[in-house]
Amino acid sequence: MLSQQVKVENLLESASKKVAPRSSDLYRVGPQFSQTNHHQQIYCHSTGMDVLPSLHARIDRGFEVGDEGTWIGYKRNYFTLVASFSLDGFEFQRFLQNRFYTYEKSKTSGEHKVDISYFAIRLVAKCSDDEVNISLVQHTPKRDKGPQFPPPIYPAVPGDLPDHGTVKVSSNKRNTTKLDNLNKIFYFDRGEYYRNTNLVKDDSILKSYPSDMVPRVARFERIQFTSSIRMRTTSANNRFFTLHVELLGIVEDEDSHIQPILLSSIESPPLVIRGRSPSNYHKDKTSGYRAMDDISSQHLQQMGPP
DNA sequence: TGCGACACATATCG
DNA sequence: ACGATATGTGTCGC
């Protein structure tokens, strides 16, 4: 209708203007991640068969595609990423009834068999030149008024990635009814599971997870590259960064210290991070970096019935 | 030149 | 409907 038409036109106009800080338009699907790379094999405890994991991740905020198909983020702005994993042939119930092990590279001799206490998902960034790790930081909703953390490592059970719209509506919710519903999507409640199944003795991997609310999906929100990253090698040459999502097996070493083992990973294509230089702002970004049909479909979805 | 701190503005949440 | 909140970005000053 008319109001729709007006909104679409406003959006098109805004493509070359400042972006409002709470605009839901800031939620955009980012670049696709690679296929899963495998670093250490996983074995099923009961059968001894090896198990193939798959990682899934999506960027939901903070990156836009530039003129040459390069993906661009802003150093000063947040990005959001969700990640989950699955084990090939292990639907959820079967996963819950098993334990898994892998092999740890020992300092002295060869490899050592180790039990996986639980799986976990980690987000790391690298500079694509060298393989040097670049630190990421996470803010609370209070931003400057609150503390900064490294992004958490999420203990996780297998799960499906929620779609983009779900991640978008999940942001900044405090309403308990809404939170309860979102928690059902993002977490598995071990306590509830034990109550419902009347389980007394549990020899599965589930028992060794560190808490009752176990993420099905690792949700990284309010993430930024550390303020000290250098984004250019020379004044003309951008550096590229990549985001990596890692599946970890958390094991206990000889001294029963907890230790992560990298099992598999996926990575983003090269990303350009624009810094604070004024040349990166006020720019006329009209060269079609927003697809027209994308805009209209998003708004039809968002506005709903009269 | 780039960074920490603070400021302003504005859509969303409850 | 309206106050509080979250967050892109403008700016000052080192």
Side-chain angles (χ1 to χ4, degrees), chain A residues 3-4 6-30 59-66 71-82 125 127 134-151 162 164-183 185-186 219-239 241 271-286 289-290 295 298-306:
Chain A
S3 67
Q4 258 179 35
V6 169
K7 288 207 175 186
V8 169
E9 279 165 10
N10 284 345
L11 240 184
L12 282 175
E13 194 185 345
S14 76
S16 57
K17 293 212 174 119
K18 259 202 297 207
V19 185
R22 297 294 297 274
S23 169
S24 70
D25 191 48
L26 288 161
Y27 282 86
R28 293 291 187 123
V29 174
I59 293 173
D60 283 308
R61 179 194 181 106
F63 285 88
E64 54 190 34
V65 60
W71 287 90
I72 298 164
Y74 287 79
K75 187 179 179 180
R76 298 189 76 187
N77 298 354
Y78 293 156
F79 69 88
T80 298
L81 183 152
V82 290
C127 182
I134 299 295
S135 44
L136 296 169
V137 297
Q138 177 167 32
H139 280 93
T140 70
K142 299 302 180 196
R143 196 167 60 178
D144 296 14
K145 311 278 188 279
Q148 270 186 33
F149 301 103
H164 175 66
T166 303
V167 175
K168 181 171 167 176
V169 304
S170 76
S171 74
N172 294 319
K173 292 299 184 292
R174 309 163 83 130
N175 177 290
T176 53
T177 309
K178 289 181 178 176
L179 276 181
D180 285 349
N181 287 325
L182 289 166
N183 283 342
I185 297 172
F186 288 94
R219 181 171 37 160
F220 300 94
E221 288 190 282
R222 304 186 190 87
I223 307 297
Q224 292 179 273
F225 286 81
T226 186
S227 63
S228 61
I229 58 162
R230 284 153 56 105
M231 291 138 306
R232 292 168 177 279
T233 49
T234 73
S235 61
N237 289 2
N238 281 329
R239 283 171 107 180
F241 298 90
L271 308 167
V272 171
I273 307 301
R274 288 190 171 158
R276 295 175 60 180
S277 161
S279 65
N280 288 325
Y281 287 90
H282 301 301
K283 269 231 251 306
D284 191 349
K285 301 186 240 173
T286 48
Y289 80 104
R290 285 177 190 188
I295 291 168
Q298 269 189 21
H299 271 260
L300 288 172
Q301 209 175 22
Q302 204 175 303
M303 292 191 295

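Order of the sequence lines fixes the chain letters, A, B, ..., with proteins taken first and strands second; residue numbering starts at 1 for each chain. Predicted model, so just to flag it, every value in this text is computed and none were measured.
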*Is the charged tip of A:R61 near the ring of A:Y27: under 6.0 Å from the six-membered ring centre and within 45° of its axis?*
yes
*Any donor and acceptor pair, going by atom type alone, linking the side chain of A:T234 with main-chain N or O of A:N237 inside 3.5 Å?*
yes
*Side-chain donor/acceptor contact of A:R276 with base of C:dG10 under 3.5 Å*: no
*In whole Å, what is the span from the CG atom of A:D25 to the P atom of B:dT12?*
10 Å
*asked:* Closest-nucleotide mapping onto DNA chain B: is A:V169 or A:P21 further toward the 5' terminus? I mean the 5' end.
replied: A:P21
*Which nucleotide in the set C:dG10, C:dT7, B:dG14 lies at the smallest distance from any side-chain heavy atom of A:Y78?*
C:dT7
_Please classify the nucleic acid contact of A:R61 as base, sugar-phosphate, or nothing, using heavy-atom distances under 4.0 Å._
sugar-phosphate
*Looking across every strand, which nucleic acid part, if any, lies under 4.0 Å from A:K145 by heavy atom: base, sugar-phosphate, or nothing?*
nothing
*Under the 3.5 Å rule, do the base of C:dG10 and the side chain of A:R76 count as making a donor-acceptor pair?*
yes
*B:dA9 P sits how many Å from A:Y281 OH, rounded?*
18 Å
*Rounded to the Å, how far apart are A:D144 CG and C:dC12 P?*
18 Å
*Tell me which nucleotide among B:dG14, C:dA6, C:dG8 gets nearest to the side chain of A:P141.*
C:dA6
*Any side-chain donor-acceptor pair under 3.5 Å between A:S170 and A:R219?*
yes
_If you assign A:M231 and A:N172 each to the DNA chain B nucleotide with the nearest heavy atom, which residue ends up on the more 5' nucleotide?_
A:M231
*Atom CG of A:L182 to atom P of B:dG14: distance rounded to whole Å?*
10 Å
*asked:* If you compare every side-chain N and O of A:K173 against the phosphate oxygens of B:dC13 (OP1, OP2), does one of them come in below 4.0 Å?
replied: yes
*Which whole-number value in Å describes the distance from A:R22 CZ to B:dA11 P?*
11 Å
*How many Å lie between CD on A:E221 and P on C:dA6, as a whole number?*
12 Å
*Hey, is the side chain of A:S277 poking within less than 4.0 Å of OP1 or OP2 on B:dG2, counting only N and O atoms?*
no
*Tell me which nucleotide among B:dC6, B:dG4, B:dT12 gets nearest to the side chain of A:S227.*
B:dG4
*asked:* Check for me whether the distance between the ring centres of A:Y74 and A:F79 falls short of 6.0 Å.
replied: no
_Quick check on B:dT1: is either OP1 or OP2 less than 4.0 Å from any side-chain nitrogen or oxygen of A:R230?_
no
_The side chain of A:R143 is closest to which nucleotide in this list: B:dC3, B:dA7, B:dG14?_
B:dA7
*With sequence neighbours excluded, what pairs up with A:P162 under the side chain to side chain contact (heavy atoms under 4.5 Å, CB included) test?*
A:T166, A:V167, A:I185, A:F186, A:V217
*Answer yes or no: is there a donor N or O on one side and an acceptor on the other, between the side chain of A:D60 and the main chain of A:V29, under 3.5 Å?*
no
*Can you check the A:R222 CZ to C:dT5 P distance for me, whole Å?*
14 Å
_Among B:dG14, B:dA11, B:dC3, which nucleotide has an atom closest to any side-chain atom of A:K75?_
B:dC3
*Using whole Å, report how far CG of A:N77 lies from P of C:dG8.*
4 Å
